[in-house]
Every structure is written in C-alpha cells, then in structure tokens.
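Keep in mind that this is a model prediction, so the values were computed, not measured. Atoms considered below: every heavy atom in the structure, side chains included; atoms not considered: hydrogens, waters and symmetry mates. Residue numbers begin at 1 in each chain, while the letters A, B, ... track the order of the sequences.
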Protein chains: 2
Amino acid sequence: MTTGSPGTQGGESLLFLTDEQLRKGIEAMFFAYRAFTADPDRILENYEYGRAHHRAIHFINRQPGLTVNTLLTMLGVTKQSLNRVLRTLVEDGLVEARVGRKDKRERNLFLTTKGAELERELSDAQRARMRSAYRAAGPAAVAGFRQVLEAMMDPEIRRHYQSIRDTNS
Amino acid sequence: MTTGSPGTQGGESLLFLTDEQLRKGIEAMFFAYRAFTADPDRILENYEYGRAHHRAIHFINRQPGLTVNTLLTMLGVTKQSLNRVLRTLVEDGLVEARVGRKDKRERNLFLTTKGAELERELSDAQRARMRSAYRAAGPAAVAGFRQVLEAMMDPEIRRHYQSIRDTNS
DNA sequence: CTTGGAAAGTCAACATAGCTGACATAAAAT
DNA sequence: ATTTTATGTCAGCTATGTTGACTTTCCAAG
C-alpha cells in the first residue's frame, strides 16, 4: 500500500503522490472542512437547529420539489434520521411537503419564504468564506480544487453532484 | 452579500466567483468529505472506536510526543471530549502518555506498536482514496486543491497545518 | 518560600445526530 | 388481489460533542 520513495518510481514528477503529500492532503481536508462548517454552525446556534437541518435546507433550495427519497440519497443518512430533521422544519414552517402530483406517495419538498430566509443567511456566511478562499487562490486553483474533490467522491454520488443545476437567480 | 451577475463585474474571468460556482464548491466539499471519511469509518466499525479516535491517532502519529494541549488545539474539541477518547486509547495500549521531561504537568503522547498498526490500517485506506483522486486529477489540480483548502482554513489553524513536518520514513 | 495560575485529569449531566429494528399507511405496480 | 414502494413514526442505542465544577500537580513570579 505504501508508496516507496519517489526516486524509485522512475517517473519525472510523481512527487505529488508521496505518502507525505497524501497526508498533507488528508490534514488539509480535515482543517478546511472544519472551517467550512464553522460559520453556519455559529448561526445555527441562535436557532434550535443543527448541521443536519442546514444540509436539508441547502439541498431543498438547490432542487425545489425534490422527493424525500432523493434527499435521503444525497444526504446519505437513514430516513429516520432525516425524518426527525424534516419534521421540525415542516412544523416550524420552513419547509413545505406537498403530496406528489403524479405519484401521491411521494412528498415534494419546498422552502417557504421563511425557509428561504434562513437558507440565505446560512449560505451567505458559507459562500463568503468560499469566495474569499477562491479569490485568494485564483481560478486555476479553483478548477484543480473541484477536480480533486470530484475524483474523491463515490461514483454514484458524483453523478448526483454533477446533475445539480442552477435553479435560482 | 450576493454576487451579482458576472457581466456586471467588469472583469474578464470572475466567472469562478458566481454564486452558482460557490454553491457547487460547497456541495463538492460536502460530498467529497463524506467519501473521505467513509473508508476509515468502515474499518473502525470492526474495532470499538470512532472517528474521534482516528483523528487523535492520526495527529499523534504525525507529531510523536505532542502534548495534550497541542492535540486539543488541532482537533478543536474540549479536553473532556478528547480525554474520553484518549483514555480508551491508553487503556487499550494504543497510545502511551509519558510525563513531560521538562514540565511534568504535560503529557507527551506516542503511539505504541499496536497503535501504529491501527494507524497504518486506517491511513492506508484513506491514502488509497486520496492517491487515486490525486492521480486522476494530476499534479496541477492537486496544487490548486491544496491552495484553496489552505485559504479556507482559519489563520491560526493554518499555521498549525503548515508547521506539521514529516516525521516518518 | 509562598502563592497564583497553567496543565491535566475526572465526574456529572446534557444535546445532537447518527444508527437499527419494528410497524403503519397509502398508493402504485404487478 | 397481492406485492412492492414511499413515507412516516416509535423506541432504544451509540458516538461525540458541550458546560460546569472540582482536584491534583507543579512551574514560575512575587
């Protein structure tokens, strides 16, 4: 499993595949992800919601009308876990669950005005950090960033990821 | 907060800073991080440990002899939370906590042989995914990946991140 | 030398958010 | 008519985070 010393690889620049480089990448993921969630987490403390609510709100905003099952796949949690979150959001009037038009077993999820407001507050904070990082690193770095992250995803999820289209503005 | 339509920015290629691009970046982080933790999580199920144990083991391996306080800063949790994790690792003989040579209040943490074995098993899996993503994306993309992640970190943590040197092999 | 405060450990209580398993209902599909 | 699917719900468990209070150790400054 362990990559040997770079010199033994024969290639010109496989230096970026050394264990040390990979470990730095692992640490970068850990630290960056922590920062990435910190801003919305701080906001959520003011409400009685957690990170799970944020994730649900994010994807409902991105794909208005998506079904519970689709959301389940995107979030990668059990329906019991999601249901607890979704129930409070519906009760509090942030999310509307409409019975499916074609298939009445399905529920199509939408943000209410109030839900969209919270989404905006959360994503403003998260985008501010992302924008600042993007700006500091530049367009070429951003392209690389996206490429590596995509390559890291599980294939099925990657398809979901790529299929999300801009539905707003 | 919201970036206007790209055309109004005047610049040549600020297209990578549109809200849509930022949202895609947010989603990429979420999905990639999930994949990133999935492999070690699967392994940890066989033991009675969780992700918190993995993180502790990772950093103790990277900086043998680090103090509890340093580890605390790196992990960003409370000492009570870390202590619970650390105690089980010491009890199970994966981690050794030596009384500080200079300052006897401090504990210097080291992996035992058994601890190093688990570290290897976990990091092999995690590095395999990272290596595969790096290889697929190429060196230039990897450089960009690292740049964006670094720019995303909180400054204090970024200094910690950059100060970690290769202590192995 | 005494004392203040830092480092570490511990106990208790609690919250969030995951999990499994079991079961209910409605509606679509066969 | 029966089976399968989509969803919702209840109960109970676990991991991992939190705060607050308290103790012990021991360095370092007064």
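- In this structure, A:Lys24 contributes its side chain and A:Asp19 its backbone to no donor-acceptor pair below 3.5 Å.
- Taking atom CG of B:Asn83 as the reference point, atom C1' of D:dT23 lies 14 Å away to the nearest angstrom.
- If you check residues 41-59 of chain B against DNA chain D, the residues with a heavy atom closer than 4.0 Å are B:Gly50, B:Arg51, B:Ala52, B:His53, B:Arg55, listed by number.
- At distances below 3.5 Å, at least one donor-acceptor pair connects side-chain atoms of B:Arg107 with backbone N or O atoms of B:Arg105.
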Determine, stepwise, if the pair B:Leu66 / B:Asn108 fulfils side-chain contact (heavy atoms from CB on, under 4.5 Å).
-> CA-CA 5 Å; B:Leu66 89 175; B:Asn108 295 109; over 6 Å; no
Review item, nucleotides 18-21 of chain D N/O atoms under 3.5 Å of protein N/O:
residue, atom, partner, partner atom, Å
D:dT18, OP2, B:Thr78, N, 2.7
D:dT18, OP2, B:Thr78, OG1, 2.8
D:dG20, O6, B:Gln80, NE2, 2.9

Determine, step by step, whether B:Ile164 and B:Met74 satisfy the side-chain contact (heavy atoms from CB on, under 4.5 Å) criterion, reporting the C-alpha distance in whole Å, the side-chain angles of both residues, the deciding distance to 0.1 Å, and the verdict.
-> CA-CA 11 Å; B:Ile164 302 175; B:Met74 307 257 272; 3.9 Å; yes
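- Residue A:Leu75 forms a side-chain contact (heavy atoms from CB on, under 4.5 Å) with just one option from A:Leu71, A:Thr73, A:Leu72, and that option is A:Leu71.
- At distances below 3.5 Å, at least one donor-acceptor pair connects side-chain atoms of B:Arg129 with backbone N or O atoms of A:Met152.
- Here A:Arg135 pairs with nothing under the salt bridge (Lys or Arg N to Asp or Glu O under 4.0 Å) rule; sequence neighbours left out.
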Could you run down nucleotides 25-30 of chain D 5' to 3' and tag each one B, S or - for protein heavy-atom contact under 4.0 Å?
-> BBS---
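- The footprint of chain B on DNA chain C, defined by a heavy-atom cutoff below 4.0 Å, extends from C:dG5 to C:dC11.
- The backbone N or O of B:Thr78 lies less than 3.5 Å from no partner atom in the side chain of B:Ser81, so there is not a single donor-acceptor pair.
- Separating the CG atom of A:Leu75 from the P atom of D:dT7 is a distance of 13 Å, rounded to the nearest angstrom.
- Between the P atom of D:dT16 and the CZ atom of A:Arg34 lies a distance of 16 Å, rounded to the nearest Å.
- Between B:Arg62 and A:Glu20, at least one side-chain N (NZ, or NE/NH1/NH2) sits under 4.0 Å from a carboxylate O, which counts as a salt bridge.
- Using modelled atom types, one finds a donor on one side chain and an acceptor on the other under 3.5 Å when comparing A:Asp92 with A:Tyr49.
- Checking the phosphate oxygens (OP1, OP2) of D:dT7, a side-chain nitrogen or oxygen of A:Asn69 falls inside 4.0 Å.
- Taking the six-membered ring where tryptophan is involved, the planes of A:Tyr134 and A:Phe145 are perpendicular, since the angle between them exceeds 60° and thus also 30°.
- A heavy-atom distance below 4.5 Å is not found between the side chains of A:Asp154 and A:Glu156.
- Within the structure, no pair that satisfies the ring pair (Phe, Tyr, Trp, His ring centres under 6.0 Å) test touches residues 67-124 of chain B, not counting sequence neighbours.
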